[in-house]
Amino acid sequence: MPELPEVRTVANELNKILPGLRIINGENFMPKLIWRNKENDFFDKVLDQKIISVQNYGKYLIFNLENFKMISHLRMEGKWSVSSKDKYVYNEKHLRIEFELSNNEWLRYYDSRKFGTLEVWDNKSYLKESGISNLGPEPLNNNPSFEYLKKAAIKKNVKVKPFLLDQKVVCGIGNIYVNEILFAAKVAPDRITKTLGDKEIKNIIKFSNLILTKAIELKGSSIHSYKSGENVEGQFQNELKVHLRENKPCFECKKPIIKTQIGGRGTYFCTECQK
DNA sequence: ACTTTAACCTGAACGC
DNA sequence: TGCGTTCAGGTTAAAG
């Protein structure tokens, strides 16, 4: 479901509620949720830990506990919420793990498609062993540098769309925002990265920053099923220029937006504006 | 070694 | 209404 702006929004919402609370109990209803950790000691590590803060890195959600990092990836449909014991913010059928908190509230994770993952690592090993260990920079605050992205682009023999979706290159961009970024940068999604000009690479960086920043301000895009915390809807879906606009006129040139498949993902772009 | 595809799952939307 | 098909804010094991 969520890309960087949506995960950031979830982190912000949870960070209003969770810091200072302690995890006093928990139950996992989906064994495959617990990821990478070889030992079956997830609850041994997490129980009795105080939650210090919640943040994101790319599409990963990080619960900073006293002695551990609990790292969640929502994949397509994962959702976190905090509610009273008897209130289910989302469909109870999709509840996958829950934690009882020290204030008598319940932290719950729902995931209809069961793609999501949850890991727990100590504060040192997570940098080397968790899902966030191989991620590239977040495309925010003038990252990545031109030199970094140019070097990566030359090295690879891939189309620019899957290149930007590769979380090892940059992290946090997903299918909505890559479509929007490439439209803003006027680059066709099937361009091979090594053919990109310096100006095109600079524009990709510039618009990655601008679009993700704007989407964070608007609390993400609510299409399909995404909602943050308490069923809060984002507003960036109203800003989309190409995504989900098949056959509708391009806002720049009025030609119909094309939908194709690139790298197995639905791809929307303007053949006139993007070269 | 690198790139592309299939698989992981479920539910909603669509066509007949 | 019912049934089959297609598609979905993602990642990764397997195949090419």
Side-chain angles (χ1 to χ4, degrees), chain A residues 1-11 29-36 56-61 71-80 90-96 109-119 130-136 138-139 152-182 189-194 208 211-212 214-216 218-228 232-240 242-246 259-268:
Chain A
M1 129 186 126
E3 309 179 33
L4 187 151
E6 291 76 26
V7 181
R8 173 70 61 88
T9 301
V10 173
F29 306 106
M30 179 184 143
K32 283 177 68 178
L33 178 66
I34 309 300
W35 200 244
R36 286 180 228 271
N56 80 295
Y57 190 75
K59 300 174 191 174
Y60 285 83
L61 191 65
I71 301 175
S72 163
H73 198 301
L74 282 47
R75 296 287 177 96
M76 297 291 264
E77 293 288 340
K79 295 169 180 65
W80 286 96
Y90 302 103
N91 190 338
E92 184 180 352
K93 195 171 82 173
H94 300 144
L95 177 64
R96 303 308 179 195
Y109 176 77
Y110 304 78
D111 190 341
S112 65
R113 290 176 75 178
K114 300 197 279 195
F115 281 172
T117 60
L118 195 58
E119 315 171 46
S130 78
I132 69 171
S133 61
N134 287 316
L135 297 180
E138 288 184 333
I154 290 172
K155 193 165 60 179
K156 295 207 169 207
N157 193 30
V158 291
K159 294 170 180 171
V160 64
K161 179 171 179 180
F163 174 75
L164 292 174
L165 287 174
D166 182 346
Q167 305 294 299
K168 293 189 284 298
V169 175
V170 287
C171 77
I173 296 176
N175 202 40
I176 294 177
Y177 296 106
V178 73
N179 284 334
E180 296 298 313
I181 289 163
L182 289 172
D190 59 353
R191 284 281 297 285
I192 303 296
T193 54
K194 64 174 69 165
S208 296
I211 288 172
L212 292 184
K214 174 82 170 177
I216 290 168
L218 295 181
K219 301 186 192 296
S221 303
S222 291
I223 59 178
H224 305 304
S225 63
Y226 164 76
K227 287 173 182 167
S228 71
V232 176
E233 294 205 12
Q235 293 302 321
F236 194 82
Q237 67 275 16
N238 302 318
E239 308 289 322
L240 298 175
V242 289
H243 191 78
L244 298 182
R245 297 197 65 248
E246 183 180 17
K259 184 184 184 190
T260 60
Q261 291 278 120
I262 294 179
R265 311 299 303 279
T267 300
Y268 300 83

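Every heavy atom of this structure was used, including side-chain atoms; hydrogens, water molecules and symmetry mates were not. Here is how names work: the chains are called A, B, and so on, in the same order as the sequence lines, proteins then strands, and each is numbered from 1. These numbers come from a predicted model, not from an experiment.
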Is it the case that the side chain of [X] and the backbone of [Y] share a donor-acceptor pair, with hydrogens and angles ignored and the cut-off at 3.5 Å?
{"X": "A:Glu246", "Y": "A:Tyr268", "value": "no"}
{"X": "A:Gln237", "Y": "A:Ser222", "value": "yes"}
{"X": "A:Lys59", "Y": "A:Ile173", "value": "yes"}
{"X": "A:Arg8", "Y": "A:Ile216", "value": "no"}
{"X": "A:Thr267", "Y": "A:Arg265", "value": "yes"}
{"X": "A:Gln167", "Y": "A:Leu165", "value": "yes"}

Mind checking if [X] touches a base, just sugar-phosphate, or nothing, with heavy atoms under 4.0 Å?
{"X": "A:Gly264", "answer": "nothing"}
{"X": "A:Asn157", "answer": "sugar-phosphate"}
{"X": "A:Lys168", "answer": "nothing"}
{"X": "A:Arg8", "answer": "nothing"}
{"X": "A:Lys259", "answer": "sugar-phosphate"}

(request) Supply the atom-to-atom distance A:Ile211 CD1 to A:Leu4 CG, rounded to the nearest 0.5 angstrom. (result)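 Reported to 0.5 Å precision, the distance equals 13.0 Å.
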
[N] [atom2] sits how many Å from [X] [atom1], rounded?
{"X": "A:Ile176", "N": "C:dC7", "atom1": "CD1", "atom2": "P", "value": "17 Å"}
{"X": "A:Asn175", "N": "C:dA8", "atom1": "CG", "atom2": "P", "value": "8 Å"}
{"X": "A:Leu74", "N": "C:dG10", "atom1": "CG", "atom2": "P", "value": "11 Å"}
{"X": "A:Asp166", "N": "C:dT11", "atom1": "CG", "atom2": "C1'", "value": "11 Å"}
{"X": "A:Trp35", "N": "C:dT11", "atom1": "CH2", "atom2": "P", "value": "12 Å"}
{"X": "A:Lys114", "N": "C:dT11", "atom1": "NZ", "atom2": "C1'", "value": "18 Å"}
{"X": "A:Arg113", "N": "C:dA8", "atom1": "CZ", "atom2": "C1'", "value": "6 Å"}
{"X": "A:Leu4", "N": "C:dT11", "atom1": "CG", "atom2": "P", "value": "11 Å"}

*Which whole number of Å gives the distance between the P atom of C:dT11 and that of B:dA1?*
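Comparing P positions in C:dT11 and B:dA1 gives a spacing of 25 Å.
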
- Query: How far does the P atom of C:dC3 sit from the matching atom of B:dC9, given to the nearest Å?
  - Reply: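 25 Å, rounded to whole Å.
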
**Asked** Is A:Glu138 close to A:Asn56 at the side-chain level, that is, under 4.5 Å between some pair of heavy atoms?
**Response**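 The answer is yes, as the side chains (C-beta and beyond) meet within the 4.5 Å cut-off.
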
Each base of DNA chain B marked ( ) or [ ] if paired in-strand (Watson-Crick or G-U under 3.5 Å), | if paired to another strand and . if unpaired gives .|||||||.|||||||

Practice item. Just do the salt bridge (Lys or Arg N to Asp or Glu O under 4.0 Å) check on A:Lys79 and A:Glu77 with the steps written out, would you? Key: CA-CA 6 Å; A:Lys79 295 169 180 65; A:Glu77 293 288 340; 3.2 Å; yes

Check your understanding: Has A:Gln167 got a side-chain N or O lying under 4.0 Å from the OP1 or OP2 atom of C:dT11?
Key ->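 Indeed, a polar side-chain atom of A:Gln167 lies that close.
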
message = Under a 3.5 Å cutoff, is there a donor and acceptor pairing between the side chains of A:Ser221 and A:Tyr177?
response =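 Yes.
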
For chain A, the stretch of DNA chain B it reaches, first to last nucleotide, under 4.0 Å of its heavy atoms
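Answer, 5' to 3': B:dT3 to B:dG11.
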
